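What follows is a short report on a single structure.
Here the structure is a predicted model, which is why all the values come from computation and not from measurement. These values consider heavy atoms only, across backbone and side chains, with no hydrogens, waters or symmetry-generated copies.
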Amino acid sequence: MSEKGDPKAREARIREALLGFGAERLTSPDPKKSGVALSAVMPGERMLEASEWLLKEGYTLLDLSTCEFQEGFLVSYHLDSFTEPFRLALRVLVKDKEKPVTPSIHPAFQGAEWHERESFDFFGVVFEGNPNLVPLLLPHDLPGPPPLRKDPKALASLDALGILGDGAAKEGGKGKEGGENGV
Amino acid sequence: MELSLLYFVKILVAVLAIIALMVGNAIVMVYVERKAAGFIQRRPGPYEVGPWGTLQAIVDSMKLLAKQIFVPANADYILFFLAPILAFFPVLLLFLPIPFGPYLTSWETPDGIILILAFAGFGVLSNLLGGWASNNKYGVLGAARAVSQSIAYEIPLILALLAVIYQAGTLNLSEIVEAQGSWPWQWNLVCQPLAFFIYLVSLVAETNRAPFDLPEAESELTAGFHTEYSGMGFALFFLAEYANMLLVSFVCATFFLGGYKGPILDGFWWTFIKAYLVMFFIVWIRWTFPRVRFDQLLNINWKWLLPLSLLNLWVTAIVIKVIG
Amino acid sequence: MASSNFNFINPFTFLNVQDSPGTYVGDFYTDNFEKGARAGNVILNLGPQHPSTHGVLRVLVELFGEYVLRSEPVLGYLHRMQEKMGEVKTPYQYLPNMGRVDYLNPIAWNWAFAGAVERLAGLEVPEKAEWLRVVSAELNRISSHLLWWGAFVMDLGGVTPILYAFEEREKINDILQIVTGSRLTYNYFRFGGVGQDADGRFVDLIKDFVPYMRERLKMYKALVTENIIFRRRLEGIGPMGEDICRRYGATGPIMRAAGVMCDTRRLYPYGIYDRFDYDIPTGPTDDCMGRYLVRLEEIKESLRILEQAVRDIPGGPHIVAKAPKPAYKLPAGESYFTVEGARGQVACHIISDGGKTPYRIKLRAPGFSNLSLFAEAAKGTLLADAIAILGSLDLVIPEVDR
Amino acid sequence: MRAIWDNIKGLYSLLVGMKITIVFLFSPRKTVHYPRKVVERENVENYRGPLELTRGKKDPAKTPCISCQLCVKACPGNCITVVKGKEGKAPSLWTYDFSYCCLCGACVETCPTGALAFSHRVYMVAKSREELLLDLLADLDDRVKKSPQLEAKTDAKSDAKSEAKTDSKADAKAGAPAKKDGEEPSPA
C-alpha cells in the first residue's frame, strides 16, 4: 500500500504517473468545493493500465458515473485510497455517440463490472472486456433507447460547464431544462 | 397373551384416545409455543381470538382445513399425498407401549421400546418422500438433510436409551418406570446424567426442532421438505411434528424422569407434567438459539455424542457387572 | 403446466432435467447463468422471494450437493430509476427521494445529497444545524445497525433477537420523530440547514437512551455474541481481505473489518465530526465475525459521540436565513460529496448546467459495491455459509437497486 | 484439548442465553396493544400525518389560504389541487391526494400565510384509494363545528399534557384498558 508521506510528494507522484499514462487536462480543483483532489482526462485505451497502477497504490474504485454531453459520453471513475484524503476523478470521454465503446477496467477492479453494466443499462456505453455485459438493473428486454440519454436539444456542452477545467463554471447552458423530456 | 375381542376393543379405544391426544396436544402446543415465543420476545403473542387468544390454534386449523391444496407441476402425485399421511399415522403406533399411568398402558408389551425405535424411522421417510415428490429443489435439499440428520442422531439416541435398559434389565417401559423410585433422586436422571444429556440433544435433532431444524431451515431452504405443501398437507406435517415431540418427551419422562411416579400420589398426571416440562424445554431453546450448520450438526453427533454415548454404555456395563 | 389430470411420472425426471440443459425454460438470467454450469449440478434461485435475501434480491447459485460453486446476484427487482427522477425534479423536490433510497439509513442519504448541493452552491450551514445533523446521523446509524443485527441473527436461525433490537429501534424512532416527524423515511435535511429545531425533550431522551443502550449491548453480548453456536457459525466464514475489498470497492464495516481504517468522517471531515472524540473500530478478523464485531463496536462509538454531543449544544438558527426555495436553481458545475453511512461510503455526484433541474445525479450506493463482492466470497462455501455472508454484507435492496 | 475445553465452555454460554430468555419470558411485555392502549400523547404530537388547513387568526372558522398556488407548484408528487373561489382570495376547493403525498413538507414550508400544517392523525385508516383523496376545507369545517373557538396554542399544549398524564395513569393500572385517546377520528 502506498506509503504515507508528504502530500505534495504524493500528488506529484500520482500526477507524474497519470501523465505517463497519457492523461490530459490534469487539474487539481479545490477539494472543499468539488469533492475531488485531482481530475484528469484519460485516453480510454490506457485506463486499464492506469487502474492497475492505482490498485497497486492502494486505490479503490468508488463509482463510475457516466454522463452524456454534446461531445460524447463522459465516464468519470472516482477513486479513493481511504488512507489519505486524496480522491481522484479520472474521466474517459467516449466520443463516438453511435457506437460508444471503451475498454473495461474489470481486470484491475473487479467491482467495476457492475458499475460498467449499470452504465451500459442507462447510457448504452459498451465496455469491451467486461465478462458479463448483460443488463443489471433494467429488464433485458426494455424497449427504446437507454433511459438516461438526453434529448439532443437539451444536451449541454462540456466546455461550457467547465467541469474539466479548473472548476470555475462559465455562463453557458443556462436555461436548458436538462432531461425533462430526455428520450 | 391371547387375542380376544376385548383386547381388540381395548386397542381400538386406545388408538382413538391417542388420536384425540395428538390433536389436542397439537392445538395446545401451538398455543403454548406461540405464547411462549411472544413472551420471550416481549410481545403478547396470540391475543385476539378467544380469551387471551386461546382459540387461535383452533381457528388456524380450521383455516388450514379450508385451504386449497396446491400441487406443483411435475410433482409425483401419489407420493406427494402419501408423504403427509405417512408422517402422521406411524406416530399413532408409537404411543401404544407408553405407560401413561400405573395401569394406563395401551398395549403392555415386553419389548415396547423396540417398537418405538423401529417405527420412529418412518417419520424421516415421509420427510424424504415429501421433499422428493414435490419437485422442488429446496424440498430435495431439505429431504437429503432430514435423512442424514435422522440416521445420524438415531444412533446416540438408541445408545443412550440402551444404558438405561442395561440398568433396568428390561425392554418393557412399565418395568423401566417401576425400576425407578418416587423421588427425583431415585430417577435415572441422577444415575445416568450423561445419557440424559445425550438423549436430550438427540431428541431435539430427531424432531427437527431448532437449533437442529435443518431440514426446514427457514432462512436457507425457505421451508425445506414441506416448501410446497399447503392446507391439510402442511397441517399433517405440523401435527406429526408435535406428535413426535410429545412422543420423545414421553419416552424421556419414562426413561429418565420416573414416568408416572412422583413424590405424592403416583398417576398419569406425573407423566404428563414431566413430558410437558420437556416439551417446554424444547420450545424454550427454539426461541433462544441460532441454528447450527449442517456439517457442525453431524460433527456434534459423530465426534461428540456417539463416543460419549458409547463410553457411557461401557461404563454402565462395567458398573452393572461389578455391582450386580 | 396445469395439472388437472393425474400424471404419473418417472421419479428420476428431476435428475434427467438437470442432465440436459434447456429442458427447463428459465428466464434470461437463468439461461445466461446456466451456460457456465457443469452438467449435473443444481442451479438454485435464491429469491427474489426468499426469507433471507432481505427484500427482493435474487441470487442464482450453482450447487454441488450443498456447496456453492458459483453464484450471481440478479438485481433490478426494486429498481426505481432514482437517478432519472433527479433529472426531472428540482433539487428541493428531489430531497424527499433520499429517504426512500435507503430506508434504513435515510439521514446519511439526506446528508449526501444536501451536502453535494451545498458544496456546489457554496451554502454555509449554521452550527446548530450541523449539530442536529451529526446527532440525527449517529442515531440513525445505531438504528440501522440494530436492525441489521436482528436480521443477521435471524438469517442464522435465531428468531428472537430481532424483536429485542426493535425495542431499541422504537426508542430511536421516538427520538428522531421529534425532529423529523416521521419514523422511517426521514426527510429532515434542507439545503443550508435542517427542517426543524430540536426541543428539550429531544435532548432528554438521548440522555436517557445512551446508558440504556449500553446496558442492552451487554445483553446482546451475552445472548448472541458469546453464544457458541453463533460463534461457530461465523468464525472463519467468508474472509474478505483488504485486497478483495479494494478490488471490489467494498467500503464501510466490511473494509474496516479487513483492518483498513477507512471512514469518511475521519478522512474528509464533514459536519462537526472533528469536534468529537471517537474511534474508528477495525476488525480483529476479516470474516463474518469480524464484520459483526465492527458493527457492534460502531454502535458504541456512536453512543460516545451522542454522549459528547448532548453535553455541549450550540445555539443559533437551525437553517440559514435565506434558505433555498423549492424552485431553487443550482449553479452550473460539478460536485461530489461523500458521507459515511451505516453500510459504507454514500456519495452523491451532481452535474448541473445551471438549469431548473440538475443535469445528472449519480448516487453511489455502498451496498451496490458490497454486494458485487458476494459472488467471490461465497465461492466454495456451504449454502448456510453463503447465507451468513449475504447477511454480513448488510444489504438494503432499495439502496442497491436505487 | 483446547478445542474440547472451548466446547465445554460453549455449553455454559448456551445456559447464559437460556437464562436471558427465561427472564424475558416472565418480565412484562413491551407491546402497546393498540385498540386497548395507545402510545403516549407526546409521541403523537410530533408525528407528521396528512396535511390540514390551519385556522385563521382573525376568523377561526376560515382558512388563511389565499389560493396563491405556491404549494401546488412546490409539491414533488403533484398531489394538491387548489381552486380559487369567486369572492376574495379564499379557495373554493382544496383537495389533496394523500396516496401521492410523501410528507416532505415542501408545501408547509412555502406557504406564505401559514395556512398549512401537518396533522397528527396516527390512527388514520382508509379502506380504498378514494378515501385518501382528502377534502381539507370540509375537514376544517368539521373541526370548526367541534370547537368553534380557537384555543390558544399554549392551552392546547397544556391540555394535551394533562391528558397524557391521565392516560399514563390509566396505563399504570395493570392491564386495565386505557380509555381511548382523544384523537380526532379520521375523516371518512
Side-chain angles (χ1 to χ4, degrees), chain A residues 1 31-36 55 58-63 65-68 76 78 80 82-85 87 89 108-115 118 122 132 134-141 147-148 150 154 156 160-163 167-180 182, chain C residues 27-29 32 72 74-76 79 81 83-84 86-88 116 119-120 122 242 244-251 255 260-263 267-269 329 331-338 345 347 349 351-360 362-365 368-369 371-373 376 401-402:
Chain A
M1 296 303 110
K32 288 260 186 263
K33 279 187 183 157
S34 70
V36 288
L55 178 64
Y59 269 85
T60 298
L61 183 73
L62 279 183
D63 64 8
S65 154
T66 313
C67 189
E68 191 182 7
S76 309
H78 290 108
D80 202 337
F82 298 134
T83 45
E84 48 222 8
R87 196 180 289 132
F109 293 112
Q110 277 89 59
E113 181 198 330
W114 282 19
H115 291 292
E118 191 191 315
F122 290 172
N132 193 17
V134 293
L136 180 69
L137 294 175
L138 298 180
H140 65 276
D141 49 0
L148 276 187
K150 285 179 190 289
L161 286 185
I163 57 173
K170 292 168 204 163
E171 292 299 304
K174 213 162 214 180
K176 278 174 191 166
E177 298 188 358
E180 191 120 41
Chain C
D27 74 338
F28 175 80
Y29 291 98
N32 188 37
E72 183 193 331
V74 178
L75 310 181
H79 179 55
M81 206 76 218
E83 293 172 8
K84 180 80 184 173
E87 291 177 12
V88 295
R119 184 168 264 180
L120 188 57
E242 191 184 335
I244 176 173
C245 285
R246 284 206 191 275
R247 281 189 285 114
Y248 280 91
T251 47
M255 189 90 160
V260 184
M261 225 169 76
C262 71
D263 196 313
L267 208 56
Y268 304 97
K329 275 185 192 173
E334 178 198 37
S335 83
Y336 193 84
F337 192 79
T338 50
Q345 270 203 348
H349 182 206
I351 298 175
S352 166
D353 62 349
K356 205 169 111 191
T357 56
Y359 189 71
R360 167 99 169 99
K362 160 81 190 173
L363 305 172
R364 195 245 176 216
F368 186 78
S369 294
L371 179 59
S372 68
L373 196 146
E376 186 158 330
D401 283 357
R402 294 183 310 265

*Please flag which part of A:Leu138 lies under 4.5 Å from any non-hydrogen atom of chain C: side chain, backbone, both or neither.*
both

*asked:* Counting only non-hydrogen atoms closer than 4.5 Å, does A:Glu113 touch chain C with its backbone (N, CA, C, O), its side chain (CB onward), both, or neither?
replied: neither

If you measure from [atom1] on [X] to [atom2] on [Y], what distance do you get to the nearest 0.5 Å?
X	Y	atom1	atom2	answer
C:Arg246	A:Phe109	CZ	CZ	9.0 Å
C:Arg247	A:Leu61	CZ	CG	13.0 Å
A:Phe122	C:Arg360	CZ	CZ	7.5 Å
A:Ser65	C:Glu334	OG	CD	7.5 Å
C:Thr338	A:Leu62	OG1	CG	7.5 Å

*Using non-hydrogen atoms and a 4.5 Å limit, figure out which bit of C:Leu371 sits close to chain A: side chain, backbone, both or neither.*
both

*Flag side-chain contact, heavy atom, 4.5 Å: A:His78 against C:Gln345*: no

*Are side-chain heavy atoms of C:Leu75 and A:Trp114 found at a separation under 4.5 Å?*
yes

*Does the ring of C:Tyr359 carry A:Lys150 above it, NZ/CZ under 6.0 angstrom from centre and within 45° of its axis?*
yes

*Check whether NZ of the Lys or CZ of the Arg A:Arg87 lies under 6.0 Å from the centre of the six-membered ring of C:Tyr268 and within 45 degrees of that ring's axis.*
yes

*asked:* Applying side-chain contact (heavy atoms from CB on, under 4.5 Å) to A:Leu137 and C:Met81, what does each step give before you reach the verdict?
replied: CA-CA 9 Å; A:Leu137 294 175; C:Met81 206 76 218; over 6 Å; no

*Compare every heavy atom of A:Thr60 with every heavy atom of C:Cys245, then report the nearest pair and how far apart it is.*
O-CG2, 4.4 Å

_side-chain contact (heavy atoms from CB on, under 4.5 Å) between A:Gln110 and C:Ser372, worked out_ = CA-CA 9 Å; A:Gln110 277 89 59; C:Ser372 68; over 6 Å; no

